[in-house]
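This report concerns only the one structure given below.
We count ligands from 1, going down the list as the structure has it; atoms in each ligand are counted the same way. The analysis underlying the following values was restricted to heavy atoms, covering all of them including side chains, and did not include hydrogens, waters or symmetry mates. Note that the coordinates shown come from a computational prediction; the quantities given were computed from them, not determined experimentally.
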Amino acid sequence: MKYDLKNQLVLITGASSGIGREIAIAFSQHNARLILIARNESKLSETQSFCLKNTPDCHIFIGDIGNWDTVKKLGNAIKDTIGIPDIIVNNAGEGCFLAIFECIENEVEHALKSPFLSSYYCVQFFIKDFMSRNSGTILNVNAPAAYFPFPKMIAYSCTRAAVRCFSRCLRLDLKGYRIKIQDLVPGLTQSNYFENNNMDWNKRIPFINRLFFKPLTPQEVAKAALKGLFRKQKLICPQPLMTFFIVCAQYFPNTFDFLVSLKSK
Ligand SMILES: NC(=O)c1ccc[n+]([C@@H]2O[C@H](COP(=O)([O-])OP(=O)(O)OC[C@H]3O[C@@H](n4cnc5c(N)ncnc54)[C@H](OP(=O)(O)O)[C@@H]3O)[C@@H](O)[C@H]2O)c1
């Protein structure tokens, strides 16, 4: 077996569907011990059943981790009953795919809850244990909009940029510790994400993304996550061309603002 996660305790948020679920299954096939979190108990139990075919150690915890009190409650239960994770995969995420003038209420607060606050709270809860043990990996699942924002997806793009900044700040704050911070950046992925977040992706995902990137399957993303984890890659892009886009976007932000605004017709 190429990758072995034996004895590694991995906490995966948002494992009840899509990418998180496939990461959990892929990691279970490589002997990881798993802690899975999401809000939907029946869907999370389904993921657990799949994982238990491969690993004897798969625990589920139910709750909204965009809430600090919930993270403290779940975190304490995890510490008391299972232990400190070796790897945290911050995957839970929702999206708000609106322009600022389409927002009616406090949609931005909802968008901030996951992935930004959920990732922040989960790391905050366990970080002192990682530091005293002087080891650990934090894998933040992010999106291309963190690097080049998409039009009419303001809360979505801002929260992804916040997650990107979170990874950078963690690297700065944890300098000197043997704690790895990695970013997984898949392009458009065929999960139920857009249905779950009331978005017709055909209408909002920029034409340039649709033109250059074939949608990924959650299994392809999970495979890339596993490979990137073992290669200790800082930036894990399942599509190599996306790495090129991300690098170019840093040097030519105005060009990217133009490109993402292009329409197909
Ligand atoms: N699909 C794409 O095209 C794409 C592209 C790039 C990046 N991503 C990112 O990949 C991640 C996973 O997305 P996906 O495509 O797999 O979508 P998904 O199928 O909708 O999965 C999202 C997961 O997050 C969980 N979740 C959301 N908010 C939560 C909260 N407050 N507390 C606990 N769990 C929460 C959901 O579970 P419950 O509803 O059961 O809580 C679900 O398991 C997201 O962060 C997303 O931004 C997706």
Side-chain angles (χ1 to χ4, degrees), residues 11-26 35-48 50 60-71 73-75 88-97 109-122 139-150 153 155-164 166-167 183-202 204-206 209-210 213-222 224-225 235-239 242 245-246:
L11 185 157
I12 303 171
T13 69
S16 62
S17 70
I19 295 171
R21 175 189 170 108
E22 292 306 323
I23 291 181
I25 295 171
I35 302 162
L36 311 179
I37 304 182
R39 293 163 301 186
N40 186 315
E41 187 165 5
S42 66
K43 283 189 175 175
L44 195 60
S45 300
E46 265 179 43
T47 309
Q48 183 188 33
F50 277 109
I60 59 170
F61 290 84
I62 310 301
D64 176 354
I65 52 165
N67 178 301
W68 172 238
D69 289 336
T70 308
V71 172
K73 199 170 123 213
L74 298 185
I88 299 176
V89 181
N90 284 311
N91 164 78
E94 292 186 305
C96 169
F97 307 104
E109 276 183 37
H110 182 73
L112 271 170
K113 277 181 84 176
S114 70
F116 179 64
L117 292 179
S118 55
S119 305
Y120 193 112
Y121 291 155
C122 287
L139 178 66
N140 292 324
V141 180
N142 208 340
Y147 301 87
F148 46 100
F150 296 172
M153 291 167 64
Y156 176 80
S157 299
C158 289
T159 50
R160 268 55 193 179
V163 172
R164 177 184 167 204
F166 176 57
S167 289
D183 291 293
L184 170 64
V185 186
L188 185 66
T189 305
Q190 290 161 332
S191 62
N192 289 331
Y193 185 59
F194 299 102
E195 290 84 346
N196 292 345
N197 293 282
N198 307 316
M199 184 220 196
D200 178 354
W201 67 267
N202 254 317
R204 287 272 151 117
I205 297 289
N209 291 53
R210 285 182 280 127
F213 299 99
K214 180 173 113 357
L216 294 156
T217 62
Q219 290 84 350
E220 286 173 315
V221 179
L235 177 67
I236 307 167
C237 290
Q239 297 137 311
M242 187 61 80
F245 268 51
I246 284 174

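- Using a heavy-atom distance under 4.0 Å as the criterion, the protein contacts of ligand 1 are Gly14, Ala15, Ser16, Ser17, Gly18, Ile19, Ala38, Arg39, Asn40, Gly63, Asp64, Ile65, Gly66, Asn91, Ala92, Gly93, Glu94, Ser114, Val141, Asn142, Ala143, Arg160, Pro186, Gly187, Leu188, Thr189, Ser191, Tyr193, Phe194, Asn196.
- With a 4.5 Å cut-off on side-chain heavy atoms, Arg160 and Pro144 do not count as touching.
- A donor atom on one side chain and an acceptor atom on the other are found under 3.5 Å apart for Ser167 and Asn140.
- In this structure, the side chain to side chain contact (heavy atoms under 4.5 Å, CB included) partners of Ser16, at least two apart in sequence or on a different chain, are Ala38, Lys43, Leu44.
- Taking the six-membered ring for Trp and thresholds of 30 and 60 degrees, Tyr193 and Tyr156 have ring planes inclined between 30 and 60 degrees apart.
- Here Glu94 pairs with Arg39, His110 under the side-chain hydrogen bond (donor to acceptor under 3.5 Å, both in side chains) rule; sequence neighbours left out.
- Judged as a side chain to side chain donor-acceptor pair (under 3.5 Å), the pairs with a partner in residues 111-120 (not counting sequence neighbours) are, in order, Asp64-Lys113.
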